[in-house]
Engineer: 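My structure is below; once you've seen it, I'll send some questions.
It should be emphasised that the depicted structure is a prediction, and the values quoted were computed from it without experimental measurement.
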Amino acid sequence: MNLTDILSVLGGAVLGAAVAYINMRISKANMNASNMAAVMGVNMLRLLLDAAALAVCFFVCRAYDLPMTATLIAAAVGLSGGGMLFFSQYFGA
């Protein structure tokens, strides 16, 4: 592995953590929504953001010939780990 491979993996993890933080802020802003349609809309938006982050990693790896598997795994770990960290920190779970 060379430096560009390591940087692409770190970039994927940082992107995943950033999207997890955005997801937490969206959920926190709509936490007291009593309308079921609003709750479902927020969950759909969060799902689309997760899918968009993975799609960005996929297309960047294809465009620049970077290690796709490692970058996608790092982005998924960033999304999952960041989600657990941010939600437990801000929602006290």
Engineer: Is it possible for you to say whether Y64 and L10 belong to one hydrophobic cluster, with membership spreading through side-chain heavy-atom contacts below 4.5 Å?
Structural biologist: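 Different hydrophobic clusters.
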Engineer: Taking the side chain as every heavy atom from C-beta outward, state whether L54 and L79 have any pair of such atoms under 4.5 Å apart.
Structural biologist: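 Touching, per the 4.5 Å side-chain cut-off.
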Engineer: Side-chain heavy atoms under 4.5 angstrom apart, residues restricted to Ile, Leu, Val, Met, Phe, Trp, Tyr: same cluster for V9 and L66?
Structural biologist: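 No; tracing contacts between hydrophobic side chains, which count when under 4.5 Å, never links both residues.
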Engineer: Quick check on the hydrophobic clustering: are L15 and Y21 connected, directly or via other members, by side-chain heavy-atom contacts under 4.5 Å?
Structural biologist: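 No: no chain of side-chain contacts under 4.5 Å links L15 to Y21.
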Engineer: Should side-chain heavy atoms under 4.5 Å link Ile, Leu, Val, Met, Phe, Trp and Tyr, which residues sit in the same cluster as L7?
Structural biologist: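 Taking Ile, Leu, Val, Met, Phe, Trp and Tyr as members, L7 shares its hydrophobic cluster with L3.
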Engineer: When you measure from the side chain of S88 to the backbone of L85, do you find a donor-acceptor pair of N or O atoms at a distance under 3.5 Å?
Structural biologist: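 Side chain of S88 to backbone of L85, a donor-acceptor pair under 3.5 Å: yes, one is there.
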Engineer: Taking all atoms of both residues into account, what is the closest heavy-atom pair of A20 and G83, and its distance?
Structural biologist: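 In terms of heavy atoms, the two residues are closest at CB-N, 3.4 Å.
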Engineer: Keeping N2 on the side-chain end and D5 on the backbone end, is there a donor-acceptor pair under 3.5 Å?
Structural biologist: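 Present.
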Engineer: Roughly how far, to the nearest 0.5 Å, is the CG atom of N23 from the CZ atom of F87?
Structural biologist: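 Going from the CZ atom of F87 to the CG atom of N23 covers 6.5 Å.
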Engineer: Using side-chain heavy atoms (C-beta onward) and a distance below 4.5 Å, is S8 in contact with P67?
Structural biologist: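 SC-SC contact between S8 and P67 confirmed.
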Engineer: How long is the gap from CD1 on I26 to CG on L45, to the nearest 0.5 Å?
Structural biologist: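 Between I26 CD1 and L45 CG, I get 4.5 Å after rounding to 0.5 Å.
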Engineer: Is there a chain of hydrophobic side chains (I, L, V, M, F, W, Y, each step under 4.5 Å between heavy atoms) that links M31 to M40?
Structural biologist: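 Different clusters.
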Engineer: Decide whether M24 and L49 are clustered together by the hydrophobic rule: side chain heavy atoms of Ile, Leu, Val, Met, Phe, Trp, Tyr closer than 4.5 Å, transitively.
Structural biologist: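 No; tracing contacts between hydrophobic side chains, which count when under 4.5 Å, never links both residues.
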Engineer: Which side-chain hydrogen bond (donor to acceptor under 3.5 Å, both in side chains) pairs, counting each pair once, include a residue from residues 27-49, with sequence neighbours left out?
Structural biologist: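 Found S27-R46.
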Engineer: Kindly give the cluster partners of L47, where membership spreads through any ILVMFWY side chain lying under 4.5 Å from a current member.
Structural biologist: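 Besides L47, the hydrophobic cluster comprises M44, L48, listed by chain and residue number.
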